Protein chains: 2
Amino acid sequence: MPLSDLDKERLARLEKSERTFPAGQEIYQGGDENRNLYVVKHGWAFSYTDLPDGRRQIVKIHHPGDIIGFPDVALKHATTTLRTVENVCLCPFPKSSLDEILRKSPRLSALLISIALRDHVVLIDVLRAMGRMSAQERISYMLLDLLARLRITNRRMTDTFRLPMTQSQIADYLGLTNVYISKTFLRLEREGFIQRDQDQVRILKESEMIELTDFHDRYAEMDTSWFPQD
Amino acid sequence: MPLSDLDKERLARLEKSERTFPAGQEIYQGGDENRNLYVVKHGWAFSYTDLPDGRRQIVKIHHPGDIIGFPDVALKHATTTLRTVENVCLCPFPKSSLDEILRKSPRLSALLISIALRDHVVLIDVLRAMGRMSAQERISYMLLDLLARLRITNRRMTDTFRLPMTQSQIADYLGLTNVYISKTFLRLEREGFIQRDQDQVRILKESEMIELTDFHDRYAEMDTSWFPQD
DNA sequence: CGTGTCATTGATTAGTCTCAAAGACAGTGG
DNA sequence: CCACTGTCTTTGAGACTAATCAATGACACG
């Protein structure tokens, strides 16, 4: 999307400072005061919440290019805990930067809002998967979503990608157990939908999986036509 | 939240036109071009998506005061279908009204964004319920959420409210079946958590239910301190 | 070489679904 | 006022998906 030089500079300013974190580290916790947002420079992370008895739900997987923490802007305290999957580099920036963008650049505001709303729509799709899909469908949906997401920032990706999450983490994301994730992955392989090698996953029957899960690539459907011209 | 007269007028303008719809009517469908947003004047409605084989997931229940369709603003086409639960009065307004608000009023922009983000956070809570809670916990969570939501616009509400949805609709919202909703409601009654009479529900053990579901009232936790002053 | 994490496997159990039928009730037309 | 209809809720039996528990295997790391 075309942006003015001024807006480009405003965006660049969000990534001014950066910090790296090792694998498996918690960066902030649910209930913490809500100070910063983060841009992901590289590495995967995820946000999750636990029930008091330890049941865990991962609510969002963060990839390079994502903005972390947008939904929490509306609230005083963070609602989720942020944890790295692997070595990660993040650019923290204060909530108040949004204030400036809202005041100075309607066009950039619209862009950031659209990204947040697109994440909302994707979350609705995840909800549908959790509420109404079998384990096999849920895993297929997740793989398709990851593929679509990763294709945004990596144009030449075709059908193979790295999935650095453990099966327990995938289970916590899809509302299943690690054991059943294992069994269902094996079944997907046996039935020729995917291949796995180390942490690489290859999608063999993308169109069948799209049909199976009624998948929509929300990342490709965005509408920027209504944006204000600066 | 204090607003300038100008902003109040901008808000009022969104509710300029209104239309009523009978119970059980579809107002727009998933895939339709994305033209309007709606403010709910009175009555309940919900947004849902179907899988091709007919499985349905209700993704959001709309109450008086809600803005319908915000997440879809980012996309060209509506992702959900909107259906009334009962007689409903809606105020449609065009997507382009947002453009004007973004350009003219940073403060009102921040307010609308915050409402959208709060809905996002609530959806995360729903996702957690769907992924990791039993049927009994899910129903309890839903009732607490409805109560918290209805208390915003009706200050004197205590522990009783009207629940006009059928058990099949509740099932489609919670990712269960109508039969199991019936059985679980009966169990909640038998165990003294709730009472039902017609479409009225009374919450008898609110604090136990809050504990059971680790419920947070997101509507009460909003942070407006970072808003730009107009 | 020992330790720990992660993935796989198998046996059993539990929670929810499916199917089918009956009951409760509101609305309709005679 | 009554029978009829349709929708919604309740009930029960049986089936099935996914969870639980426990053990083994595979691998990386110190």
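Numbers restart at 1 for each chain; the letters A, B, ... are given by sequence-line order, proteins then strands. Quantities reported herein were computed from a predicted structural model and do not represent experimental measurements.
Each of A:D172, A:T81, A:D50 was scored for a side-chain hydrogen bond (donor to acceptor under 3.5 Å, both in side chains) with A:R56, with one residue passing: A:D50.
Mapping B:S182 and B:R132 onto DNA chain D by nearest heavy atom places B:S182 at the nucleotide closer to the 5' end.
Nucleic acid contact for B:L186: sugar-phosphate only, since backbone atoms but no base atoms lie under 4.0 Å from a heavy atom of the residue. Contacts of A:R55 with the nucleic acid, taken as non-hydrogen atoms under 4.0 Å apart, are absent.
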What does nucleotides 22-30 of chain D look like as a protein-contact string, B for base, S for sugar-phosphate only, - for none, at under 4.0 angstrom between heavy atoms?
---------
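When DNA chain C is scanned in the 5' to 3' direction for atoms under 4.0 Å from non-hydrogen atoms of chain B, the outermost contacting nucleotides are C:dG15 to C:dC19.
Considering only heavy atoms from C-beta on, B:V40 comes within 4.5 Å of B:L90 through its side chain.
Checked against side-chain hydrogen bond (donor to acceptor under 3.5 Å, both in side chains), A:R187 has the following partners two or more places apart in sequence or in another chain: A:Q136, A:E191. Applying the side-chain hydrogen bond (donor to acceptor under 3.5 Å, both in side chains) criterion to B:E206, with sequence neighbours excluded, gives B:R151. The ring pair (Phe, Tyr, Trp, His ring centres under 6.0 Å) search around A:F185 returns none, not counting sequence neighbours. Residues satisfying the side-chain hydrogen bond (donor to acceptor under 3.5 Å, both in side chains) criterion with A:Y48, sequence neighbours excluded, are A:E26. By the side-chain hydrogen bond (donor to acceptor under 3.5 Å, both in side chains) test, A:N154 pairs with A:R156, sequence neighbours left out. For A:E211, the salt bridge (charged side-chain N to carboxylate O under 4.0 Å, His left out) criterion is met by no residue, not counting sequence neighbours. With sequence neighbours excluded, the residues satisfying side chain to side chain contact (heavy atoms under 4.5 Å, CB included) with B:T20 are B:C89.
Other residues, nucleotides and ligands contribute only 12 or fewer heavy atoms inside 6.0 Å of the CZ atom of A:R19.
Axis angle between the ends of the helix from C:dC1-D:dG30 to C:dG30-D:dC1, five pairs each and rounded to 10 degrees, works out to 40°.
In this structure, CG on A:L147 lies 11.5 Å from CG on A:L163, to the nearest 0.5 angstrom.
A donor-acceptor contact shorter than 3.5 Å is absent between the side chain of B:R218 and the backbone of B:R118.
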Every protein N/O lying under 3.5 Å from an N/O of nucleotides 14-18 of chain D:
| residue | atom | partner | partner atom | Å |
| --- | --- | --- | --- | --- |
| D:dA18 | OP1 | A:A135 | N | 2.9 |
| D:dA18 | OP2 | A:Y180 | OH | 2.9 |

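Pairs engaging residues 70-80 of chain A under the salt bridge (Lys or Arg N to Asp or Glu O under 4.0 Å) rule: none recorded [sequence neighbours left out].
Between the CG atom of B:L188 and the P atom of D:dT9 there is a distance of 15 Å, given to the nearest Å. Taking atom CG of B:L163 as the reference point, atom C1' of D:dT9 lies 14 Å away to the nearest angstrom.
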